[in-house]
Amino acid sequence: MTEALRSAARRMGRAGLVRPRHEARLLAARVLGCAPDRLIAGNGRPFDAGQAERFERLVDRRLSGEPMAYILGEREFWSLRFTVEPGVLVPRPDSETLVEAALERVAERGGPLRLLDLGTGSGCLLLSLLNEWPDARGLGVDLSAAALAVAAANARSLGLRERARWRLGAWSSGLQGPFDLIVSNPPYIASSAIASLAPDVRSFEPAGALDGGPDGLDAYRAIAPDLGRILAPAGWAVLEVGAGQADDVAALLGAAGLEAIGTRRDLAGIPRAVVARSAA
Ligand SMILES: C[S@@+](CC[C@H](N)C(=O)[O-])C[C@H]1O[C@@H](n2cnc3c(N)ncnc32)[C@H](O)[C@@H]1O
């Protein structure tokens with residue numbers, strides 16, 4: 001196995017992958033059905049024929065640019081394990097900024113919180129928040145049935161099924177509310193920038209989760225005007241934004257009658273979450 005690992009890491013490095021040894025070990029651990037740290041502890045035995053073939057298949061998928069999260073079928077977010085598969089955006093560490101912002105701003109209101117996640121994808125935002133607030137209940141909306149199936153599976157595996165509901169639809173259309181907190185990480189890449197995204201993102205992740213229209217702001221223009229209607233009095237909205245979009249999104253929220261309260265930066269120092277509040 002050690003030689004197969006070395007060879008895979010060499011090929012993955014030559015292909016320009018940034019952490020070839022680490023990724024090769026993760027793939028080998030998947031084939032052997034063990035934790036990667038068990039592998040590091042030293043398993044010098046060769047793969048058997050079946051394992052060698054399965055390992056090479058996984059390495060080939062990675063060499064073709066497929067994201068590790070799709071190959072492994074999972075990604076960690078907010079220290080929870082989320083199933084992901086093609087058709088669903090891979091949760092990003094940047095989006096944990098929304099969870100931090102929500103936890104910082106939203107105090108318990110005397111009753112269980114009612115949460116809404118617009119464009120829920122894998123359900124990572126809604127389910128992370130439900131996991132933090134044991135009395136909260138929430139609804140995740142998405143235009144993609146494939147995404148909702150994954151979100152529902154994640155709710156089951158995280159033991160949150162009883163408190164999460166899912167709805168196929170366009171943003172808040174048809175919803176009544178009221179919600180105490182609305183989170184959303186909508187598509188926000190300008191259409192013209194899609195072609196210059198990293199190939200693994202561009203070729204493998206769903207375009208409907210990325211493309212935000214000519215200036216990247218289409219989804220905010222669709223979402224913002226309805227927030228006041230479905231937010232509870234003094235309810236919170238926390239929206240993820242791309243680099244340089246925070247002021248424009250705060251202005252859209254202001255024009256919709258919400259008070260833009262501030263932003264929260266991600267680990268790179270980029271304003272990543274815009275926080276706003278409805279009238280009391
Ligand atoms: C950037 S992804 C975010 C996924 C997940 N919330 C996350 O943070 O990883 C945007 C999501 O919005 C969904 N979406 C796009 N247009 C939509 C619409 N008009 N109504 C509802 N959901 C939409 C996409 O299918 C995708 O799952």
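As the structure lists them, so they are numbered: ligands from 1, and atoms in each ligand from 1.
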Quiz prompt | SB check Glu66 Arg62 (cutoff 4.0 Å) | solution = no
Quiz item: Between Glu56 and Arg11, is there a side-chain N and carboxylate O pair less than 4.0 Å apart?
Solution: yes
Quiz item: ligand 1 and Leu143, any nitrogen or oxygen pair closer than 3.5 angstrom?
Solution: yes
Self-check item: Top protein contact for atom 1 (C) of ligand 1, by heavy-atom distance
Solution: Ala209 O, 3.0 Å
Self-check item: Short side-chain to backbone donor-acceptor contact, Glu205 and Val90, under 3.5 Å
Solution: yes
Exercise. Please could you name the atoms of ligand 1 that Gly208 approaches to less than 4.0 Å, counting only its heavy atoms?
Key: 15 (C), 24 (C)
Quiz item: In ligand 1, which numbered atoms sit nearer than 4.0 Å to a non-hydrogen atom of Ala170?
Solution: 20 (N)
Quiz item: Which protein heavy atom lies closest to atom 14 (N) of ligand 1, and at what distance to 0.1 Å?
Solution: Trp171 CH2, 3.7 Å
Quiz item: Does Asp142, backbone or side chain, put an N or O under 3.5 Å from an N or O of ligand 1?
Solution: yes
Practice problem: Number the atoms of ligand 1 from 1 as they appear, then name those within less than 4.0 Å of a heavy atom of Gly119, with their elements. | Solution: 3 (C), 4 (C), 5 (C), 6 (N), 11 (C), 12 (O), 13 (C), 22 (N)
Self-check item: Atom indices of ligand 1 within 4.0 angstrom of Cys124 heavy atoms, with elements
Solution: 7 (C), 8 (O), 9 (O)
Practice problem: Report, in ascending order of atom number, the atoms of ligand 1 lying under 4.0 Å from any heavy atom of Gly169. | Solution: 20 (N), 21 (C)
Practice problem: Out of Leu118, Asn185, Leu126, indicate the one that has the non-hydrogen atom closest to atom 10 (C) of ligand 1. | Solution: Asn185
Practice problem: Determine the sole option in Leu26, Leu72, Ile71 for which the side-chain contact (heavy atoms from CB on, under 4.5 Å) test with Leu58 is passed. | Solution: Ile71
Quiz item: Does Arg137 come within less than 4.0 Å of Asp180, counting only side-chain N to carboxylate O?
Solution: no
Quiz item: With the threshold set at 4.0 Å, does a side-chain nitrogen-carboxylate oxygen contact exist between Arg75 and Glu85?
Solution: no
Self-check item: Atom indices of ligand 1 within 4.0 angstrom of Thr120 heavy atoms, with elements
Solution: 5 (C), 6 (N)
Exercise. Measure the acute angle between the ring planes of Phe47 and Phe55, then classify it against the limits of 30° and 60° as parallel, tilted or perpendicular.
Key: tilted
Practice problem: Below 4.0 angstrom from a heavy atom of Leu89, which ligand 1 atoms are there? Numbered from 1 as shown, please. | Solution: 1 (C), 2 (S), 9 (O)
Quiz item: Between Arg163 and Ala136, is there a donor-acceptor pair closer than 3.5 Å when you use the side chain of the first and the backbone of the second?
Solution: yes
